[in-house]
Number of protein chains: 2
Amino acid sequence: MDKLFKYFQKYTTLNVESRATLEKICSIVNIKKGENLQSFGQTCKTIYFINAGIARIYYYKDGVDITESFSFEGEIIARVESLFTGNPSQKAIQVLEDTEVIAINASQLFSLYDAHPQIERLFMLIFEAGYVETVNRIESIQFHSAEERYLALLKKPQLIQKIPLKHIASYLGITQVSLSRIRAHIN
Amino acid sequence: MDKLFKYFQKYTTLNVESRATLEKICSIVNIKKGENLQSFGQTCKTIYFINAGIARIYYYKDGVDITESFSFEGEIIARVESLFTGNPSQKAIQVLEDTEVIAINASQLFSLYDAHPQIERLFMLIFEAGYVETVNRIESIQFHSAEERYLALLKKPQLIQKIPLKHIASYLGITQVSLSRIRAHIN
DNA sequence: TCAATCCTTTAACATTTGATAAATAATCAA
DNA sequence: TTGATTATTTATCAAATGTTAAAGGATTGA
């Protein structure tokens with residue numbers, strides 16, 4: 001769990017008691033490449049921290065597999081629109097390599113807030129950071145061309161090297177064919 | 001301030017003391033159509049609640065005015081990417097009608113959290129709801145055509161009737177000319 | 001190793017959106 | 001009210017992306 005608490009340390013310092021309390025609602029999960037960590041239709045009640053590997057949130061639109069986001073080692077992943085509303089999620093979480101995650105039980109987490117202000121504050125800060133990321137992503141999607149967005153992704157080698165282009169294409173909001181064209185064009 | 005506390009009531013019930021504390025960091029601001037409530041380059045230190053009127057967050061990209069979001073009576077507006085990072089915002093908030101807002105001093109608000117768990121919880125829930133909205137907006141921008149998104153906006157008459165089409169066009173991520181074409185096409 | 005499957009590229013044509021310019025309509029301030 | 005400014009539409013051509021189909025590469029499991 002050390003990697004997780006090192007991650008938490010970026011946001012706030014937890015006392016021994018808060019840490020022990022948090023550890024109790026965390027568990028390590030290992031999962032094989034290609035499998036779903038969470039499936040369609042369930043209400044999201046888990047927040048994941050990636051110890052090693054890669055995961056993506058995806059869904060089907062008109063039968064087409066669309067990637068909403070990728071997460072890498074040392075990052076958090078959760079289906080926010082379900083976690084915070086209690087509605088069943090139409091999205092799933094799949095791992096793109098053999099992956100180890102720490103699963104944080106969100107129902108239990110939320111119920112800790114009253115008695116553990118440090119924990120509430122920690123997740124307030126984590127969610128704020130996620131919120132900022134999505135706001136910045138809207139700007140990127142809406143006002144940069146697919147080519148510009150692809151060029152930006154090239155600066156994240158972990159993403160480009162390890163993820164199938166079809167997922168990158170849908171993440172960029174374009175077809176795989178269009179991404180191939182862009183790749184041919186920029187060489 | 002009643003409208004604001006009725007809004008808060010949707011998220012959580014505040015005790016008398018929390019309400020009184022919150023009221024102290026709120027102030028009413030009136031501003032004329034077309035003016036900026038907050039300008040470019042400042043760090044965002046205010047969260048606004050709209051008592052009456054319409055506001056938008058916008059910025060310039062390559063000299064072109066881009067609308068990031070609209071907010072209406074009874075809604076919250078803030079430049080999240082600055083508020084939560086402390087970085088200066090490249091965005092401004094402008095009102096599109098004569099508008100009355102309640103300005104909530106964010107620096108003071110954040111410093112209330114430790115002593116007032118109810119207030120912290122309230123804003124945790126408000127920010128969570130905003131986070132969910134932006135996640136849903138990403139889905140809408142990325143995977144629906146401009147025409148589909150415009151048709152969806154038609155269901156919000158307050159937006160369509162009161163906001164210049166040029167702002168709606170940039171909000172949709174297309175040019176004004178393209179929006180005109182879409183409007184002509186669907187009739 | 002080999003066959004089957006999945007991934008990626010290429011090509012041809014269709015559709016959408018952008019850029020620019022010009023015309024018309026609406027709004028605003030003196 | 002009127003002239004100036006701003007907003008919206010229309011037209012034309014260019015560029016970007018979508019759709020479909022086909023071919024070649026890479027990967028994987030038996």
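Only this structure's heavy atoms are used, side chains among them; waters, hydrogens and symmetry mates stay out. To find a chain, count down the sequence lines: A is the first, B the second, and so on, and within it residues start at 1.
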Engineer: End-to-end bend of the helix from C/dT1-D/dA30 to C/dA30-D/dT1 (five-pair axes, 10° rounding)?
Structural biologist: 60°

Engineer: What is the ring orientation for B/F84 with B/F127, classed by angle as parallel under 30°, tilted 30 to 60°, or perpendicular over 60°?
Structural biologist: perpendicular

Engineer: Under the salt bridge (Lys or Arg N to Asp or Glu O under 4.0 Å) rule, collect the residues that match up with A/E73, sequence neighbours excluded.
Structural biologist: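 Partners of A/E73 under the salt bridge (Lys or Arg N to Asp or Glu O under 4.0 Å) test: A/K3.
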
Engineer: So which pairs with a foot in residues 35-44 of chain B pass salt bridge (Lys or Arg N to Asp or Glu O under 4.0 Å), sequence neighbours left out?
Structural biologist: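 For residues 35-44 of chain B, and leaving out neighbouring residues, there are no salt bridge (Lys or Arg N to Asp or Glu O under 4.0 Å) pairs at all.
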
Engineer: So if I take residues 53-69 of chain A and measure heavy-atom distances to DNA chain C, which residues fall below 4.0 Å?
Structural biologist: none

Engineer: What about B/Y58 and B/F40, are their ring centers closer than 6.0 Å?
Structural biologist: yes

Engineer: Just jot down the side chain to side chain contact (heavy atoms under 4.5 Å, CB included) partners of A/E17, sequence neighbours excluded, or say none.
Structural biologist: A/N15, A/T21, A/H116

Engineer: Which residue in the set A/K91, A/R79, A/K61 passes salt bridge (Lys or Arg N to Asp or Glu O under 4.0 Å) when paired with B/E139?
Structural biologist: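 With B/E139 as partner, salt bridge (Lys or Arg N to Asp or Glu O under 4.0 Å) holds for just one option, A/K91.
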
Engineer: Please list all pairs passing the side-chain hydrogen bond (donor to acceptor under 3.5 Å, both in side chains) test where one or both residues lie in residues 150-166 of chain B, with sequence neighbours left out.
Structural biologist: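 Applying side-chain hydrogen bond (donor to acceptor under 3.5 Å, both in side chains) to every pair that reaches into residues 150-166 of chain B, excluding sequence neighbours, yields B/Y150-B/R183.
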
Engineer: Starting from A/L172, can I reach A/L151 by hopping between I/L/V/M/F/W/Y residues whose side chains sit under 4.5 Å apart?
Structural biologist: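 The answer is yes; both residues are in one hydrophobic cluster.
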
Engineer: Report yes if some heavy atom in the side chain of A/Y171 is under 4.5 Å from a heavy atom in the side chain of A/L179; otherwise report no.
Structural biologist: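 Not touching, per the 4.5 Å side-chain cut-off.
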
Engineer: Counting only N and O atoms by type, is there a donor-acceptor contact under 3.5 Å from the side chain of A/Q94 to the main-chain atoms of A/G34?
Structural biologist: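 Flag set: sc A/Q94 to bb A/G34 pair under 3.5 Å.
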
Engineer: List in numerical order all residues of residues 150-169 of chain B for which some heavy atom is under 4.0 Å away from an atom belonging to DNA chain D.
Structural biologist: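 Result for residues 150-169 of chain B: B/P164, B/L165, B/K166, sorted by number.
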
Engineer: First and last nucleotide of DNA chain D touching chain B, 5' to 3', heavy-atom cut-off 4.0 Å?
Structural biologist: D/dA7 to D/dT12

Engineer: Mark up nucleotides 16-30 of chain C, 5' to 3', with B wherever a protein heavy atom is under 4.0 angstrom from a base atom, S wherever such an atom reaches only the sugar-phosphate, and - elsewhere.
Structural biologist: -BBBB-------S--

Engineer: Mind checking salt bridge (Lys or Arg N to Asp or Glu O under 4.0 Å) for B/D2 and listing every partner two or more places apart, or none if nothing turns up?
Structural biologist: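 Counting only residues at least two positions away or on another chain, B/D2 forms a salt bridge (Lys or Arg N to Asp or Glu O under 4.0 Å) with B/R19.
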
Engineer: Tell me every residue that passes salt bridge (Lys or Arg N to Asp or Glu O under 4.0 Å) with B/K32, counting only those two or more places apart in sequence or in another chain.
Structural biologist: B/D98

Engineer: I'd like to know if the side chain of B/T134 pairs up with that of A/T134 as donor and acceptor (distance under 3.5 Å, no hydrogens or angles considered).
Structural biologist: yes

Engineer: Apply salt bridge (Lys or Arg N to Asp or Glu O under 4.0 Å) to A/R56 and list each qualifying residue two or more places apart in sequence or on a separate chain.
Structural biologist: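 A/R56 satisfies salt bridge (Lys or Arg N to Asp or Glu O under 4.0 Å) with A/D65 once adjacent residues are dropped.
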
Engineer: Report yes if some heavy atom in the side chain of A/E68 is under 4.5 Å from a heavy atom in the side chain of B/V135; otherwise report no.
Structural biologist: yes

